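Quick notes on the structure that follows.
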Amino acid sequence: MVLNPVISKLAGKLVVLASASPRRLEILSNAGLRFEVVPSWFKETLDKGLFKAPHEYAVETAKQKALEVARRMPFKHLKTPDIVIGADTIVTVDGMILEKPVDKEDAYRMLSSLSGKEHSVFTGVAIVVCHEKENEEVDYQLFDFYEETKVKFADLSDNMLWEYINSGEPMDKAGGYGIQALGGMLVEYVHGDFLNVVGFPLNHFCKQLDLIYNRCTSSADQESVSVRLSHNGSHATTIVTQPPPGLPAQSSHSPSSKNSSSANPVHKVKRKSSESEVDESSWMLVNSLSKHTDAREAEFIYNTTLPLTASRGQVIELNVTEHGDTELKKEDLQRIIDLMDGFKSSKALFTASKMCVFDLLQSRPGLDAAQVAQEIKASVKGTACLLEACVSLGLLKSKQRACQKPVYENTDLSSRFLLSDAPSSLRGYIQHCNDTVWPLFSHLESAVREGANQHEKAFGKTSKDMFQDTFYNSQEAKLRFMNAMHSIAKVTGRAVATAFDLSSFKTACDLGGCTGAMAYEFTKAHPGLSVTVFDLPAVVEMSEHFRPLHTDNRVSFVAGDFFKDELPKADLYILARILHDWPDEKVCILLSKIANACTAGCGLLLSEIFLDEDRRGPSRGLLQALSMSEGKQSSATEYSLLLKTHGFITAHVRHTDNLLDAMLCIKA
Ligand SMILES: Cc1cn([C@H]2C[C@H](O)[C@@H](COP(=O)(O)OP(=O)(O)OP(=O)(O)O)O2)c(=O)[nH]c1=O
C-alpha cells in the first residue's frame, strides 16, 4: 500500500497501545493499524519542576506509560508485545503545564487561562520495540519524539465557559477541552497537526515508524537505547541508561531534536560487571519488582551507589537471582493447587455462612467445636473439620490453652463481610452463589458443550425468562435473590457512586435498581441528587424490607418493566450490572429507550466488570461469563462503542478497585 507502507509493515506483529484514550484508539484504528489496547498503570505524577521544557515532561511520561506496559505484559498477560506505543498530551500556556482537570472548578481555571490567547499542545510519544530472545529475555529499544501544535482560543465569556464545562466534555482532556467536539467552537485557529491536539500526532508517528522499519537496518544505527530484560526468574531486570531530569545524564541528546531516546527501570539482580562500564557518577533506577510485587504498586528508588552505565545502542545483560527458577516452580505448583482446591474453599465458605457459624461466633466468641456443633445442630466431627478449614482460609482464628480444646472466633475479614448485619455484608450474595451459581457450575461441561445456560438441568425449569423462572418464582426465592443483589450493591455501591463528579445532575433513575441499595449510595454521595429506582412490580413491593434506618426521601420506587414501560424522566440513568445479563436485541431495546428518554447533556452511568481489552482478565468477569446467560461480558471500549451507536459519548471510564467498574456517558 502506498498510503500506509509502514503501518502495513506492522501487520502480524503484536502492537499494543498503552493508553486508555478513546481518541488515540480511534486515530490509530482509522489509520488501519491493528493493535491491542492495554492501558498503562503509570500514574502521571512526575515532578514538572524537574524538566527544562514542557515537552520533555510529556515525552518522559509517554515513555513511562509505554515501558510500564511493556514490562507488565510478559508477567501479567504471559505474552511479549512486538511494539508498545505510549503517548501523553499536555497543554501549555504562560509557562504552566495543564493536564486533565480534576473537577469543574479546575476546568474553569484552565479554560479561562486559555481564553483569548494562543497556547501550545504537545504530545509526547514513545515507541518501545521489544525483541524476544532465547531464555525468555527481552531487548527493548526505545524511540520517542514529540509534536507541538499552536491553538488560539476566542475570548470566552463565563456563560460560555460554564455551559461548556457542564457538558461534561472537558473532564478527561488535557487543558479541559476537546477540539474534536464541542470544544472546536472555542478555537479561532490551529497551526500544526490537528490530530496532535486530539491526542496523537499520526503523521509524525508514521515518519518515526518509517525511520525504525525502513531506514535503519541495525539497532546500532538508531537513536535508541537497548535494554535487556529477563523475566524467567522471580525478579525482572533492566537498567536505566538515561536519567530523568535532575540526575546526571550518561549520554547527550540534542535539545533541538524532536527525537530523543532512553530506556528504563527495574532490577534486583546480580550483574555481570564485565559487561558494563564503571563510572562513579553513574546511577541506576531500581525497582524491586519481585514476584509478589504488582507493577501498579512498584515504587521507584534512585540508587546512586550502583556504578553501572550504558550508552546508546549498547545492550546490557543482567542475571536473575540464582534461585529464580526454583521459586517460580514452587509458585507454579502452588497456583495449580490453589486452582484445584478453589471449589473446596468456596464450598467451605458457603457452608459455614449458611450454617450461621460467623454470626454465632460474633455473638459468642470463644466457643469450642462441640459447642458450635450443638448450636448449629451438626456433628462434632463435621463441625471441627469445618472450623479448622475456616481457620486455614483466614476466616476464623483459633486459640488453644495447654491441654484444652481449641476455641474459635471471627477474623477481621469475616466480621467485615460475613455477618448477616455487617454494613458490608456479602452473606446474601454468598448464599446466592451457593444456591444458584454452584448448581449451575456443576453442569459447566454441558454449558460449554452446548453454549447455553443449564437452568433446566440445575433447577428443572425452562428458562425463557430466567428472572421469572429462577429468581421470582416464589416469595422465598425472590427474597433470596433480592438479598444477594442488595449485599453486592451495598459493597460496590459507594465506589460506583463516587466514581464521577455528578453535581450537574439533579435526578437519576436506577434501572433494575432492585432494593435501592445502590440508589441510597448515590444519594449519600451526592447531596443534590434524587434517585428513582425502577424495577419490576414484584421487586418494588418487597423493597420496603431493605430500606435503611436513616434516610431522607430522595430515593423513591416506581414499578415497571424497562423493556416495555415508559421510563421515569431523569437527567442521569444508571445501569448497574444489567447489560451483561441480556442478549443483544434486548440490550438494544433498552438502550434505545434510554436514548429516547434523554435530551442532550443527559447522562448514562454504566457499571459492569469491564474486561481487559485483550480479554485476558479480570478472571471475575470471564468466570461470570461461564454461567452462559444470554448476555455477554465486554470491555470498556466495546461498551463505549455500543453506547455511541445510541448517541452517547463516553466522557469517563473508571476502573475502580472494587468489584464493578464504571463509565459515564453523555447524550450528544
Ligand atoms: C487538547 C485535547 C486533548 N484531548 C485528550 C487526548 C488525551 O486522551 C487527553 C490527555 O490525557 P493523556 O494523559 O495524554 O491521555 P489519557 O489519560 O486520555 O490516556 P492514557 O494516559 O491512558 O494514555 O486529552 C482531546 O481529546 N482533545 C483535545 O482537544
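Order of appearance sets the numbers: ligands from 1, and atoms from 1 within every ligand. Keep in mind that this is a model prediction, so the values were computed, not measured. Basis for what follows: all heavy atoms, side chains included, without hydrogens, waters or symmetry-related copies.
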With atoms numbered from 1 as shown, which atoms in ligand 1 lie under 4.0 angstrom from a non-hydrogen atom of [X]?
X: Gly178; value: 27 (N), 28 (C), 29 (O)
X: Asp88; value: 12 (P), 13 (O), 14 (O)
X: Lys65; value: 12 (P), 13 (O), 14 (O), 15 (O), 20 (P), 21 (O), 23 (O)
X: Gln180; value: 25 (C), 26 (O), 27 (N), 28 (C), 29 (O)
X: Asp172; value: 9 (C), 24 (O)

Open item on the list: What I want to know is whether Arg23 and ligand 1 share at least one N or O pair that is separated by under 3.5 angstrom.
Closed with: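 N/O-N/O distance below 3.5 Å exists for this pair.
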
Tell me: protein heavy atom nearest [atom], and distance?
atom: atom 6 (C) of ligand 1; result: Val198 O, 3.3 Å
atom: atom 29 (O) of ligand 1; result: Ile179 N, 2.7 Å
atom: atom 17 (O) of ligand 1; result: Lys100 NZ, 2.2 Å
atom: atom 3 (C) of ligand 1; result: Val197 O, 3.4 Å
atom: atom 22 (O) of ligand 1; result: Ala20 N, 2.7 Å
atom: atom 18 (O) of ligand 1; result: Ser21 CB, 3.4 Å
atom: atom 7 (C) of ligand 1; result: Arg24 NH2, 3.7 Å

Is there a donor-acceptor contact under 3.5 Å linking the side chains of [X] and [Y]?
X: His204; Y: Glu147; answer: yes
X: Gln64; Y: Glu68; answer: no
X: Ser157; Y: Asn159; answer: no
X: Glu148; Y: His55; answer: no
X: Asn196; Y: Thr123; answer: yes
X: Tyr57; Y: Glu44; answer: no

Task: Heavy-atom side-chain contact between Tyr146 and Pro201 under 4.5 Å - done: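 The answer is no; the side chains never approach within 4.5 Å.
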
TODO: Indicate yes or no: at least one non-hydrogen side-chain atom of Cys598 is less than 4.5 angstrom from one of Tyr573.
DONE: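 Side chain of Cys598 against side chain of Tyr573, heavy atoms only: contact under 4.5 Å found.
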
Using only atom types and a distance under 3.5 Å, with no angle test, would you say the side chain of [X] pairs donor to acceptor with the backbone of [Y]?
X: Asp88; Y: Val125; result: no
X: Asp501; Y: Ser503; result: yes
X: Glu521; Y: Val496; result: no

For ligand 1, indicate whether the residue [X] contacts it via side chain, backbone, both or neither (heavy-atom separation under 4.0 Å).
X: Pro39; result: neither
X: Glu44; result: side chain
X: Thr61; result: neither
X: Lys173; result: both

- [ ] Determine, considering heavy atoms only, which of Ala181, Gly183, Ala174, Ala18 sits nearest to atom 1 (C) of ligand 1.
- [x]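 When every heavy atom of Ala181, Gly183, Ala174, Ala18 is considered, Ala174 comes closest to atom 1 (C) of ligand 1.
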
